[in-house]
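Structure first, commentary second.
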Protein chains: 4
Amino acid sequence: MKSKDEQKESTIIRATLQLIFREGLAGLKMSNIAKQASMAVGTLYIYFKNKEDLLNHLFLYFKRESMTQLAQKIDFAQPFKVNFKQLWHNYLAYAVDNPEQATLLEQLHYSPYLRPEVVAETDKLLQPIRDMLDEGKRQMLIKNTDNELLLAFLSGSINQIARRFHENDRKLSPELREQAFDMTWDAVRA
Amino acid sequence: MKSKDEQKESTIIRATLQLIFREGLAGLKMSNIAKQASMAVGTLYIYFKNKEDLLNHLFLYFKRESMTQLAQKIDFAQPFKVNFKQLWHNYLAYAVDNPEQATLLEQLHYSPYLRPEVVAETDKLLQPIRDMLDEGKRQMLIKNTDNELLLAFLSGSINQIARRFHENDRKLSPELREQAFDMTWDAVRA
Amino acid sequence: MKSKDEQKESTIIRATLQLIFREGLAGLKMSNIAKQASMAVGTLYIYFKNKEDLLNHLFLYFKRESMTQLAQKIDFAQPFKVNFKQLWHNYLAYAVDNPEQATLLEQLHYSPYLRPEVVAETDKLLQPIRDMLDEGKRQMLIKNTDNELLLAFLSGSINQIARRFHENDRKLSPELREQAFDMTWDAVRA
Amino acid sequence: MKSKDEQKESTIIRATLQLIFREGLAGLKMSNIAKQASMAVGTLYIYFKNKEDLLNHLFLYFKRESMTQLAQKIDFAQPFKVNFKQLWHNYLAYAVDNPEQATLLEQLHYSPYLRPEVVAETDKLLQPIRDMLDEGKRQMLIKNTDNELLLAFLSGSINQIARRFHENDRKLSPELREQAFDMTWDAVRA
DNA sequence: AATGAATGAGGCTTCATTCAT
DNA sequence: GATGAATGAAGCCTCATTCAT
């Protein structure tokens, strides 16, 4: 027998992503995914129950991947602000370098495909960041404000910045990034 | 298309809105719009060339309406910060009170329906706000930073705050709103 | 507008029947029904919710039609046995002349398509025959036996006779029909 | 195909039977048969050329089994009517006790799966019964009528009785069975 | 022989758009 | 202008069969 190829699942997800980038979520067809992944349509249904299931897995897969990117060069031995700044820049860099991915996650989030339970599960991935914010508050370096407010502030502004600049075909120079970070820090500092 | 009956056009747009709010953009069908608007499908095609055309009109219609909400109680005779704060609260209130609308605009924005020219046209609606930010800079009250950055910062954070709280079924108390505004003001102040 | 053509429903049903006769229930495809009925597939779905619905209507339609055939030349002014014999011959004639139809109804009956409620409804159509049997019992002309037993006896034997002869490509001569009726009458007579 | 493991063939047929009883012929899938038989799909194709082949074997297997049931307690040393009655009761008991089996054979019979040659072969199994009828005629105990007519009469009525009572969830009491046999005997007796 | 992943033709159904009335 | 029945392209998914292991 041909044993169920574990990596085929990832092949399918990557193929799907490429297609969504190229043609949008609305134009996504199972038959094209199969073509892009060089396999038969039926094979997709061996690894995913249906289109909805595939997209839910895709969502989770990329949310996890993005969290990995965010955690780069974060070292809890370092002072809070150093880590905060690193995290912020990681996030911005990710959002800038993968503009379609952010858009995709957003699109999926509000599509009829995504199951609430999957959304809830991705939310848990943010826990390390919540912990970090708590630590900042303990050290009285940042405002003692509701975590959800802080998170919304951080993610909302970063995403929107990356998006607007991408839409207008503008580059985000290091200087602009620095200015943006300063605004963020001024916003959250105690 | 484009008949004398100007009001029917608006009826269709309103009916479409209600449907999108109730069932989402993805499930939107011309036949249902017709039903909701109490007319025949064919009639829709007298007033709008096709579904795409209808949704582009809807987007514009809607963006204009939201700008009207934002401008409430703004009076250029007042000091900058008063107006800035009022604008910020107007925006947040609008985003909180109409959580589906923000989502709708987002969904539409990234759907294959929306024509770039329409997106560009709605962007012009922000000009008064850009002017206001310029005035703030002239008075050296806010940072002398790129307007797109400032706008992204403002809209991104506000939308995200409204959205997260709506998703988690949490109320945004006046205290939290005040804290959020303080963060924003700290971020932009000179 | 083109007003919903009442007779189109019957056109579809007749087209479906012809197809089932030609290619069997198992090979029945909606696209072929449309072709046979000279209309677009979509049109089928205006008149019937789906394939199952179409087949349920078909079942009812033909059960009713067959009952009409059975009732021919039945006149309650005539003596019981005359009517009984006429009914029996009508039934046999119908089963012989429409061998596919009997088979179809049987096939449908045991297919996953047929809804129990529709089966129940067709059963009600037999009431006039039950009444007739009761009258025969009242006149002490036939055995005072359970109606279901009598009905099963009558319909089962007639259908099977028509079927076997049709399968073996044999004609049912008037003599054989007379013999068969005699057997039936001997079976039920008091 | 046709391997040494004769028993596996029977395992597959039994598994198929159970599935058809439980879920009907229309929903029968090769993958489910494999699951029910605790083997891989591929294995089915070692023992049977394809689905059609499997179902033809099943039909034959089954017809033979039912004939065995019918022959129980038949002893040619006994008088004709005793055997006839025994046969009739055997048949009815079988049809009543295995209501799905009769239906299955019927369904299969009119499915596109069954090959005519197999149907013809099963018909040969009826020869002992035909012989018995001939003997009855020779002894002038039953009508001198066409055997096909007699067979159709017998099988059609019995099957239909069993079916109707099963559908209506009614029990066939010994009294009713006796009445039914009396009708049959009156029908065929000379 | 046994396995079960892979294949892909083909079925049912939806829905934007057209057009006869 | 208004209507809504008619159209048919196109998408999702199933499942009998194959074949590499």
Side-chain angles (χ1 to χ4, degrees), chain A residues 1-6 8 26-35 37-54, chain B residues 1-5 8 27-35 37-55 113, chain C residues 1-6 8 26-35 37-54, chain D residues 1-5 8 27-35 37-55 113:
Chain A
M1 62 150 191
K2 279 171 271 184
S3 76
K4 201 157 163 180
D5 196 341
E6 265 316 315
K8 201 155 260 175
L28 186 67
K29 292 168 236 168
M30 293 303 271
S31 57
N32 285 345
I33 296 176
K35 218 174 288 167
S38 305
M39 56 183 75
V41 221
T43 310
L44 302 178
Y45 289 85
I46 294 173
Y47 293 91
F48 301 97
K49 203 157 67 73
N50 50 33
K51 190 177 180 182
E52 190 226 79
D53 189 43
L54 166 53
Chain B
M1 46 168 274
K2 271 286 142 31
S3 77
K4 51 194 173 194
D5 199 344
K8 207 158 244 175
L28 187 67
K29 295 171 218 164
M30 293 300 273
S31 57
N32 285 345
I33 296 176
K35 216 176 292 167
S38 306
M39 54 184 76
V41 226
T43 310
L44 301 179
Y45 287 85
I46 294 167
Y47 293 91
F48 300 95
K49 199 152 67 73
N50 51 32
K51 191 178 178 180
E52 190 226 80
D53 189 44
L54 165 54
L55 287 174
Y113 293 119
Chain C
M1 61 149 193
K2 279 170 269 179
S3 75
K4 201 156 162 179
D5 195 340
E6 266 316 314
K8 203 157 256 175
L28 187 67
K29 292 167 235 168
M30 292 301 272
S31 56
N32 285 345
I33 296 177
K35 217 174 292 168
S38 306
M39 55 182 75
V41 222
T43 309
L44 302 178
Y45 289 85
I46 294 172
Y47 293 90
F48 301 97
K49 201 156 69 73
N50 51 32
K51 191 178 178 180
E52 191 225 79
D53 188 43
L54 165 54
Chain D
M1 49 168 274
K2 269 290 143 28
S3 77
K4 52 193 172 197
D5 198 344
K8 207 158 244 175
L28 186 68
K29 295 171 216 165
M30 293 301 272
S31 57
N32 285 346
I33 295 176
K35 214 176 292 166
S38 305
M39 55 183 77
V41 224
T43 310
L44 301 179
Y45 287 84
I46 293 168
Y47 293 91
F48 299 96
K49 200 154 64 75
N50 51 33
K51 191 178 180 181
E52 189 225 80
D53 188 43
L54 165 54
L55 288 174
Y113 293 119

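Here is how names work: the chains are called A, B, and so on, in the same order as the sequence lines, proteins then strands, and each is numbered from 1.
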Inset, instruction - Tell me which of A:Leu28 and C:Ser38 sits closer to the 5' end of DNA chain F, going by the nucleotide each one is nearest to. - result: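 The residue closer to the strand's 5' end, by nearest nucleotide, is C:Ser38.
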Minimum heavy-atom separation for [X] to [Y], with atom names?
X: B:Ala40; Y: B:Ala34; value: C-CB, 3.8 Å
X: C:Phe48; Y: C:Asp53; value: CA-OD2, 3.6 Å
X: B:Glu52; Y: B:Tyr113; value: CG-O, 3.0 Å

Inset, instruction - Describe the nucleic acid contact of D:Ile33 in one word from base, sugar-phosphate, nothing, applying a heavy-atom distance below 4.0 Å. - result: nothing
Inset, instruction - Determine the contact category for D:Leu44: base if any of its heavy atoms lies under 4.0 Å from a base atom, sugar-phosphate if only primed atoms, P, OP1 or OP2 are that close, otherwise nothing. - result: nothing
Inset, instruction - May I ask you to decide if C:Leu28's main-chain N or O and C:Lys51's side chain share a donor-acceptor pair within less than 3.5 Å? - result: yes
Respond yes when some side-chain nitrogen or oxygen of [X] is under 4.0 Å from OP1 or OP2 of [N], and no when none is.
X: A:Lys8; N: E:dA6; result: yes
X: B:Tyr47; N: F:dG1; result: no
X: A:Thr43; N: E:dT7; result: yes

Of the listed nucleotides ([options]), which one gets closest to any side-chain atom of [X]?
X: C:Lys51; options: F:dA5, F:dC13, E:dC12; result: E:dC12
X: B:Met39; options: E:dG4, E:dA16, F:dT3; result: F:dT3
X: B:Met30; options: F:dC13, F:dC15, E:dT17; result: E:dT17
X: A:Asn50; options: E:dT3, F:dC13, E:dG11; result: F:dC13
X: A:Ala40; options: E:dG8, F:dG11, E:dT3; result: E:dG8
X: A:Val41; options: E:dT17, F:dA6, E:dG8; result: E:dG8

Inset, instruction - For DNA chain F, write out the stems as range with range, using runs of 3 or more consecutive Watson-Crick or G-U pairs with both distances under 3.5 Å. - result: E:2-21 with F:2-21
Legend entry - From D:Asn32 atom CG to D:Lys29 atom NZ, the distance as rounded to the nearest 0.5 Å: 5.0 Å
Expressed as a whole number of angstroms, how long is the span from [X]:[atom1] to [N]:[atom2]?
X: D:Asn32; N: F:dC15; atom1: CG; atom2: P; answer: 8 Å
X: A:Ile46; N: E:dT3; atom1: CD1; atom2: P; answer: 18 Å
X: A:Glu52; N: F:dC13; atom1: CD; atom2: C1'; answer: 14 Å
X: D:Tyr45; N: E:dT7; atom1: OH; atom2: C1'; answer: 13 Å
X: B:Asp53; N: E:dT17; atom1: CG; atom2: P; answer: 10 Å
X: B:Lys29; N: E:dT13; atom1: NZ; atom2: P; answer: 15 Å
X: D:Lys35; N: E:dT3; atom1: NZ; atom2: P; answer: 15 Å

Legend entry - A:Leu44 side chain near A:Leu54 side chain, heavy-atom distance below 4.5 Å: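 No - every pair of side-chain heavy atoms lies 4.5 Å or more apart.
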Legend entry - C:Lys8: side-chain contact (heavy atoms from CB on, under 4.5 Å) partners, not counting sequence neighbours: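 Residues passing side-chain contact (heavy atoms from CB on, under 4.5 Å) with C:Lys8: C:Asp5, C:Met39, C:Thr43, C:Tyr47.
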Inset, instruction - With DNA chain E as reference, determine whether C:Gly42 or D:Gly42 sits nearer its 5' end, using the nearest nucleotide of each. - result: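 Nearer the 5' end of the strand: D:Gly42.
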